[in-house]
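This is a predicted model, so every value here is computed, not measured. Quick note: numbers below take in every heavy atom, side chains included, and nothing from hydrogens, waters or symmetry partners.
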Amino acid sequence: MRATQRHLFTALRALHHENPLGLPRQLGLPRSGSAPQFLSRSQRGLPTKRAIPGVEKVICVSSAKGGVGKSTVAVNLSLALARRGKRTGILDTDIFGPSIPRLLNLSGEPRLSKGNKLLPLSNYGVKSMSMGYLVGEEAPVVWRGLMVMKALQQLLHDVEWGGLDVLVLDLPPGTGDTQLTVVQQVVLDGAVVVSTPQDIALIDAVKGINMFKKVDVPILGMVQNMSVFTCPNCAHTTHIFGSEGVSRECQKHGIELLGDVPLDASICADADRGKPTVAVREGPLADAYHSIAAKVIEQLWG
């Protein structure tokens, strides 16, 4: 097949509710007189939880609240896991507002494998897949819920990861359809909840904690992001969003505080230019993510 035919999308491709990403399908009709076919749970539209082929461990990073730096934490955690010898991938499950392409400085349409699976894009030693690779950076995804859920199912089960020790799922804010689809269709080995110390962020973070408890997903712990700001001129420290909020919720819910990530302008600048902090820096900022990764590895592999 020519390279141009290996592209996922073409300009004239029509979207269908059952296959919104347009992946090739081999559709066979039952032969006349054949025995009746009993439909599986998935064929009847019922959720079925299954492992992702070629992936040993799957964890999700959640905040339930937008604007707390969850995706930046997810990417830097993935890179830190890779730096510790784990074959790592990250899947951006935010259909409407994907961030992973910008954070990893990646673009372009994924190719298809011989088995008609999406092939991940890689940078900094981490494999990745995102809706952002399938549409333009400024193109909105104007889809209703059914299309979104079908697209998410394809991203979850139609990517050929090629062998990973751990896959990190970057969840969008909220506790709705996307989160429910993930927890019902994928065997999750744990969840990391990200929040700032601010009470208004913790309200939603706690909802995320309770969601994972309700669906029996182990909670690996919480990350306190933007925990403290240190003035670059006078070195004075200020807890802009409070200081003990995440620690308090960890104690209340009996979960581990995985670590604190400071509020630093360079983390934001690194993210915006597609050069995650763990990939380009050494010192306290990168160490914060490495410490979190070490605790995640300890909980997943002992």
Side-chain angles (χ1 to χ4, degrees), residues 55-63 67-94 98-107 120-130 132-133 161-172 189-197 220-230 232 246 256-301:
V55 178
E56 181 183 350
K57 303 285 187 182
V58 181
I59 66 173
C60 61
V61 178
S62 169
S63 65
V68 299
K70 167 192 53 64
S71 293
T72 301
V73 170
V75 165
N76 279 288
L77 171 60
S78 299
L79 267 65
L81 290 169
R83 296 298 189 274
R84 291 178 172 270
K86 300 300 182 183
R87 296 171 300 166
T88 306
I90 184 167
L91 174 59
D92 190 347
T93 65
D94 194 334
S99 301
I100 299 305
R102 171 63 66 90
L103 288 166
L104 288 179
N105 194 28
L106 287 169
S107 61
L121 278 63
S122 299
N123 202 5
Y124 306 116
V126 172
K127 296 180 179 181
S128 66
M129 182 52 62
S130 171
Y133 301 144
W161 291 103
L164 294 178
D165 295 314
V166 58
L167 176 63
V168 178
L169 306 183
D170 181 23
L171 298 185
D189 296 282
V192 174
V193 180
V194 179
S195 180
T196 66
L220 303 178
M222 293 189 72
V223 173
Q224 185 165 255
N225 200 28
M226 308 182 197
S227 59
V228 62
F229 172 74
T230 301
V246 174
E256 182 176 357
L257 176 61
L258 296 174
D260 293 88
V261 178
L263 176 62
D264 193 288
S266 61
I267 294 178
C268 176
D270 292 342
D272 284 345
R273 63 195 181 106
K275 297 183 180 295
T277 299
V278 169
V280 298
R281 296 183 186 272
E282 296 181 355
L285 296 181
D287 289 346
Y289 295 111
H290 284 295
S291 177
I292 294 167
K295 292 180 179 179
V296 168
I297 289 174
E298 176 65 25
Q299 291 208 42
L300 291 178
W301 284 279

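- Of the possible donor and acceptor atoms, none in the side chain of D189 sits under 3.5 Å from a partner among the backbone N and O of I59.
- Taking 4.5 Å as the limit, some side-chain heavy atom of Y133 sits within range of a side-chain heavy atom of L106.
- The closest side-chain heavy-atom distance from R281 to Y289 is not below 4.5 Å.
- S128 is not listed as a side-chain neighbour of D92, based on a closest heavy-atom distance of 4.5 Å or more.
- A pairwise comparison of heavy atoms in M129 and P120 identifies CE-CA, 3.7 Å as the closest pair.
- Rounding to the nearest 0.5 angstrom, the gap separating the CD1 atom in I100 from the CD1 atom in I90 is 3.5 Å.
- What you find for S227 and P197 is that their closest heavy atoms are CA-CG, 4.2 Å.
- Remark: P172 engages T93, D94, T178, Q179 in a side-chain contact (heavy atoms from CB on, under 4.5 Å) (not counting sequence neighbours).
- Legend: side chain to side chain donor-acceptor pair (under 3.5 Å) pairs involving residues 76-90, not counting sequence neighbours, sorted by first then second residue: R87-D165.
- Applying the side chain to side chain contact (heavy atoms under 4.5 Å, CB included) test between V61 and each of L171, V193, L77, V75 identifies L77 as the sole match.
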Carefully, step by step, assess L257 and V246 under the rule side chain to side chain contact (heavy atoms under 4.5 Å, CB included). CA-CA 8 Å; L257 176 61; V246 174; 3.7 Å; yes
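- For the side chain to side chain donor-acceptor pair (under 3.5 Å) with D170, the lone residue among S130, S99, S71 that qualifies is S71.
- For the atom pair CG (L91) and CG (L164), the distance works out to 10.5 Å, reported to the nearest 0.5 Å.
- Looking at V194, N225, L103, V261 one by one, the single match for side chain to side chain contact (heavy atoms under 4.5 Å, CB included) with T72 turns out to be L103.
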